[in-house]
Amino acid sequence: MVYPDYEVEKIKSFFIACDEMIEGRFILSDIKISKILKAIASSEVLYNTFAQVLNNFKFNEEFENAKSQNKVNGGYFVLPEDDNKKIALVFAILLEVDNQKLNLQNFVNEYFYNPEGYNVSYSNFSINVLVPFKNSVATILGVNFDGTMVESEVEDLEETLEETELVEKVSEPDSKQKILFANLRMSLNELLSVINRSKVKEEEKEELRIIINAIFEAIKIENLTIINALVIPLEYMIGKNKNVKFYYNDFKECLVQFYYN
């Protein structure tokens with residue numbers, strides 16, 4: 001697919017926001033993260049891409065896998081080789097920091113520590129996390145960092161362009177709400193994962209999966225009314241199962257955020 005000019009500009013803005021965080025320092029990092037998230041949410045192409053890579057993504061599992069068992073200078077943190085998982089993991093980390101569930105300074109000190117000072121440690125974090133994230137997004141989209149398609153992609157689509165008419169959408173997406181839906185999707189993935197591993201009876205698991213899959217469909221169309229209606233049977237089915245309840249409460253907290261913003 002060839003992206004319309006207005007999407008090219010939004011994709012370019014995303015890469016600029018990434019560069020600001022990569023080339024900067026820890027100071028004002030919360031504002032820089034917010035800028036990246038808003039750039040994702042404001043672009044239909046980026047938002048749909050991130051929604052796709054977050055599908056079935058298990059943050060806790062991938063986060064643990066990224067931690068090296070051989071800790072040196074505070075430890076290593078190695079991103080997955082797969083571009084989709086890489087994008088999803090870094091995006092999830094940025095969301096966790098933005099939601100104040102993860103302290104960026106502590107994270108950098110623990111996994112990217114350098115005795116020469118925090119700025120060098122932050123530089124290690126940028127090189128090993130933010131740069132690969134930016135590169136993987138460009139690869140998945142098939143674009144250069146200015147938002148234009150790479151030459152090979154353009155050549156492949158020359159014939160298609162003659163038959164394709166791109167229609168620009170009038171309405172701008174609500175960026176904050178888009179971010180909240182992405183966060184909701186991620187927490188629901190975690191809930192489903194823990195249910196699949198739990199000691200809940202198999203027939204009850206199947207009923208829970210049906211409800212959760214329905215919520216996923218409601219998230220796709222961004223319908224809060226349907227999601228709220230489905231939360232009632234979901235909470236009833238989970239009952240007092242402490243392990244599952246913990247992840248359910250995290251999901252519900254993400255849902256509540258829609259009404260505080």
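The basis for the numbers below is simple: all heavy atoms, side chains too, and nothing from hydrogens, waters or symmetry mates. What you see is a predicted model; the values in this text were computed from it and never measured.
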Flag yes if more than 12 heavy atoms outside [X] fall under 6.0 Å of its [atom1] atom; otherwise flag no.
X	atom1	value
Q52	CD	no
E202	CD	yes
K245	NZ	yes
E116	CD	no

In Å and rounded to the nearest 0.5 Å, what is the [atom1] to [atom2] distance from [X] to [Y]?
X	Y	atom1	atom2	value
L180	L224	CG	CG	9.0 Å
S121	Y113	OG	OH	7.0 Å
I212	L192	CD1	CG	5.0 Å
I195	E204	CD1	CD	11.0 Å
L188	M186	CG	CE	11.5 Å
I31	K38	CD1	NZ	9.5 Å

Looking at every heavy atom in both [X] and [Y], which two are closest together, and how far apart are they?
X	Y	answer
L255	L184	N-CD1, 3.7 Å
T225	N223	N-OD1, 3.1 Å
I22	L130	CG1-CB, 3.5 Å
K86	P80	CE-O, 2.9 Å
F14	A39	CA-CB, 3.7 Å
I40	L46	O-CB, 3.8 Å

Hydrophobic clustering (ILVMFWY, side-chain heavy atoms < 4.5 Å, transitive) - are [Y] and [X] grouped together?
X	Y	value
V129	V131	yes
F246	M237	yes
V143	I16	no

Side-chain donor or acceptor of [X] paired with backbone N/O of [Y] under 3.5 Å:
X	Y	result
K205	S198	yes
E7	E44	yes
E190	N60	yes
S13	E9	yes
K10	S42	yes

* May I ask you to check whether Y111 and F107 place their ring centers less than 6.0 Å from one another? =>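 Yes, they do, as the ring centres are separated by less than 6.0 Å.
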
* Quick check, are the ring centers of F91 and F133 under 6.0 angstrom apart? ->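 No, too far apart.
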
* **Residues L79, V90; criterion side chain to side chain contact (heavy atoms under 4.5 Å, CB included); working and verdict** => CA-CA 8 Å; L79 294 177; V90 178; 3.8 Å; yes

Listing, residues 92-101 side-chain donor-acceptor contacts under 3.5 Å, not counting sequence neighbours, or none:
from: N99; atom 1: ND2; to: L95; atom 2: O; distance (Å): 3.1
from: K101; atom 1: NZ; to: D250; atom 2: OD1; distance (Å): 2.9

Would you call [X] and [Y] a side-chain contact if the rule is heavy atoms closer than 4.5 Å?
X	Y	result
I227	F258	no
L191	L234	yes
E217	K220	yes
M21	I36	yes
F57	N84	no
V231	Y248	yes

* Under 3.5 Å side-chain donor-acceptor pair for N196 and R209 ->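 Per modelled atom types, N196 and R209 side chains form a pair under 3.5 Å.
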
* To do: Output, in order, the C-alpha distance, side-chain angles, deciding distance and verdict of side chain to side chain contact (heavy atoms under 4.5 Å, CB included) for F181 and R185.
  => CA-CA 6 Å; F181 273 114; R185 181 192 299 273; over 6 Å; no

* Verify side chain to side chain contact (heavy atoms under 4.5 Å, CB included) between F59 and N189, making sure each step is shown before the conclusion. => CA-CA 8 Å; F59 173 64; N189 280 331; over 6 Å; no

* To do: Under the salt bridge (Lys or Arg N to Asp or Glu O under 4.0 Å) rule, collect the residues that match up with K58, sequence neighbours excluded.
  =>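 Salt bridge (Lys or Arg N to Asp or Glu O under 4.0 Å) check on K58 returns nothing, list empty.
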
* For the pair I221 and I226, evaluate side chain to side chain contact (heavy atoms under 4.5 Å, CB included) and give the outcome as yes or no after the intermediate values. => CA-CA 10 Å; I221 61 175; I226 296 175; 4.3 Å; yes

* **Sequence neighbours excluded - side-chain hydrogen bond (donor to acceptor under 3.5 Å, both in side chains) pairs with any residue from residues 125-145** => D19-K134, D83-S136, N144-T148

* Asked: What orientation do F63 and F77 show, parallel under 30°, tilted 30 to 60°, or perpendicular over 60°?
  -> tilted

